[in-house]
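If you scroll down you'll find the structure; I have some questions about it.
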Amino acid sequence: MALGNYYEATRRVELETQPLDGDISVDVAIIGGGITGVSAALHLAERGFSVALLEAEHIGWGASGRNGGQALPGFGASQAKIKSLVGAADSKKLWDMSVEAVDLLHGQIQRFGIPCDPVIGYLHAAVKPRQVRELRETQEELVELGAPPGELLEGEALQAKLCSPRYLAALTDNIAGHIHPLNYTLGLAKAAMAAGAKLYSQTRVTQVVPGKSVAVHTARGVVKAAFLLVSGGAYLGGLMKPLAGYIMPVGTYIIATEPRADVAAMIPGNEAVADLNFVLDYFRRSADDRMLFGGRVSYSTLPPPSLKDSMLKRAQRVFPQLRDARVEFLWGGNVDISVNRAPHFGRLADNILFTQGFSGHGVALTGLAGKVAAEAIAGQAGRFDVFAKIPHSRFPGGRAFRVPALLAATTYFRLRDLL
Ligand SMILES: Cc1cc2nc3c(=O)[nH]c(=O)nc-3n(C[C@H](O)[C@H](O)[C@H](O)COP(=O)(O)OP(=O)(O)OC[C@H]3O[C@@H](n4cnc5c(N)ncnc54)[C@H](O)[C@@H]3O)c2cc1C
């Protein structure tokens, strides 16, 4: 794969963190230095808790520093699916919290002056007639939820916004938008540290021993904590056995072209765009006028062969204008897919909380996840528990069979993408 992560090459926030060295005691330990973990650390420290966040690599190393940067309300599952899982009242509460998540993200960017190029504006694009009908249904759903229904663009109005031959229609969305996700994560981490949280990098948690005081083991020290938040996302592996079967790590990839004078004309309003396919294309302009184009999936999490060429071909199918484009960056990361694509929050013990299952839809929601987890630890669990009520099942057949089971399910959706 090589070439590397564009966000790492354009990081603008410097962070001084060290590995944990020795035993410590804190009110709250957090596993994972993604947006969930650093947001929880910030909100807990602001509430006066002592916090130790433990990150196996460096802050933002996981999905939070690799993603498409598309910050949306809603969930990996459709709102209709969420309603079928929890009923109308909780579905509305969840929707409202997902909108709050986007507001929270922009609020934090402003409050801490995080240099992460925030842009508001989004296009949900339809590739086939069935998807145009889905966009109309989405508008009805949004009206039901009390949200702005957006505008359905077709023909010339669509071409003016998205200069591509590929789409039949697109629905505008003035809540969603995009950011530089690594700089956002690092900026939030810096704010958490300024508020008093201790963030440890190169500190992999190797064992968790539950109890009134949870013992969180690492190679060079044990953290004793009254509470533990587990937010290792798709990278947690088998550390917390009861959680592993509920999510499936799936690889997804992004390319960045060279900066180009013609990129602005391809998406003149600078919206982020994603299509409605199951294996979707998602793309946007970068602040330095590159095309950042994401897509493909790998159920083994191993990069598919000829990835650079196949990603560029996908981008050229959307924008033939990119026929002479050069790929300067190529990278990927893992998303934590749950069976129903809804977020999976809950408790493994009274004092061990977890968040996972963002299912490729976590840029905004993870910030709120950290906030509601902090609320729950502070004794106000109401909002966390609305999430925790969403029912989840394990991928059938245990770890060894998760891939075949997911492949069987996704083959159906891939075929559906062709119709
Ligand atoms: C390529 C890609 C594109 C995406 N695009 C979008 C998008 O455009 N919009 C959107 O909304 N979502 C997108 N997502 C999803 C989004 O990035 C995630 O939902 C979100 O970043 C998850 O944040 P997190 O804090 O839960 O986990 P992460 O950011 O993955 O952080 C988890 C951290 O935990 C650490 N960790 C794991 N195990 C241990 C351990 N034992 N000890 C210590 N640390 C540990 C890991 O090293 C990692 O840094 C995308 C994801 C990927 C990979």
Side-chain angles (χ1 to χ4, degrees), residues 68-81 95 98-99 102-103 105-106 117-179 254 257 260-287 289-295 314-323 325 360-361 363-364 416-419:
Q70 307 206 349
L72 307 105
F75 306 96
S78 69
Q79 205 56 38
K81 176 76 185 180
W95 167 262
S98 80
V99 174
V102 182
D103 288 346
L105 174 136
H106 289 289
D117 316 314
V119 175
I120 294 183
Y122 199 89
L123 298 170
H124 304 269
V127 184
K128 31 192 102 102
R130 169 174 60 79
Q131 295 179 344
V132 181
R133 289 195 294 280
E134 282 174 28
L135 289 179
R136 289 189 205 286
E137 286 161 17
T138 301
Q139 284 190 295
E140 287 164 19
E141 255 174 34
L142 288 168
V143 170
E144 226 178 87
L145 289 163
E151 192 186 345
L152 193 72
L153 304 174
E154 291 172 291
E156 280 178 17
L158 173 63
Q159 281 303 311
K161 281 280 190 191
L162 189 53
C163 188
S164 164
R166 182 154 164 78
Y167 302 107
L168 300 178
L171 184 63
T172 63
D173 176 339
N174 294 330
I175 299 175
H178 56 95
I179 56 165
I254 305 179
T257 67
R260 295 174 61 95
D262 58 353
V263 157
M266 295 178 203
I267 317 174
N270 201 7
E271 293 88 348
V273 188
D275 69 32
L276 300 192
N277 276 341
F278 183 73
V279 180
L280 78 171
D281 291 334
Y282 52 96
F283 49 92
R284 64 184 181 91
R285 287 161 46 186
S286 66
D289 280 329
R290 300 167 189 271
M291 182 59 70
L292 264 52
F293 196 96
R314 284 180 87 107
Q316 289 165 334
R317 184 172 62 168
V318 175
F319 295 115
Q321 304 92 308
L322 292 174
R323 77 185 67 77
H361 205 107
V363 167
R416 201 161 177 264
D417 280 352
L418 300 173
L419 304 174

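Here the structure is a predicted model, which means the values were calculated and not measured. What you see below is based on every heavy atom in this structure, not just the backbone, and it leaves out hydrogens, waters and symmetry mates.
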- Message: Suppose the criterion is side-chain hydrogen bond (donor to acceptor under 3.5 Å, both in side chains): which pairs have a residue in residues 155-167, not counting sequence neighbours?
- Response: Lys161-Glu271
- Heavy-atom closest contact (Val363 atom, Leu105 atom, distance): O-CD1, 3.9 Å
- Message: Can you confirm whether Asp117 sits close enough to His178 that some side-chain heavy atom of one is under 4.5 Å from a side-chain heavy atom of the other?
- Response: no
- Task: Determine the minimum heavy-atom distance between Tyr282 and Gly295, stating which atoms define it.
- Result: CE2-N, 3.6 Å
- Work out which heavy atom in Leu292 is nearest to a heavy atom in Ser286; give both atom names and the distance. CD1-CB, 3.7 Å
Donor-acceptor pairs under 3.5 Å, side chain of residues 262-269 to any protein atom, not counting sequence neighbours: which ones?
unit_1	atom_1	unit_2	atom_2	d
Asp262	OD1	Arg260	NE	2.9
Asp262	OD2	Arg260	NH2	2.9

- List the atom of His106, the atom of Val119, and the distance in Å for their closest heavy-atom pair. CE1-O, 4.5 Å
- Rounded to the nearest 0.5 Å, what's the gap from CD on Glu144 to CH2 on Trp95? Could you check? 12.0 Å
- Message: I'd like to know if the side chain of His361 and the backbone of Pro73 have a donor-acceptor N/O pair within less than 3.5 Å.
- Response: yes
- Message: Applying the side chain to side chain donor-acceptor pair (under 3.5 Å) criterion to Gln131, which one of Asn277, Thr138, Asp275 satisfies it?
- Response: Asn277
- Which atom pair, heavy atoms only, marks the closest approach of Leu72 to Ala364? O-CB, 3.8 Å
- State which residues pass ring-ring contact (aromatic ring centres under 6.0 Å, His included) with Phe319; sequence neighbours excluded, sorted by chain then number. Phe283
- Closest approach of Pro149 to Leu171 (non-hydrogen atoms, all atoms of both residues): O-CD1, 3.5 Å
- Can Arg130 and Glu134 be counted as an ion pair, charged N to O under 4.0 angstrom? yes
- Straight-line distance of Leu158 CG to Thr172 OG1, nearest 0.5 Å: 11.0 Å
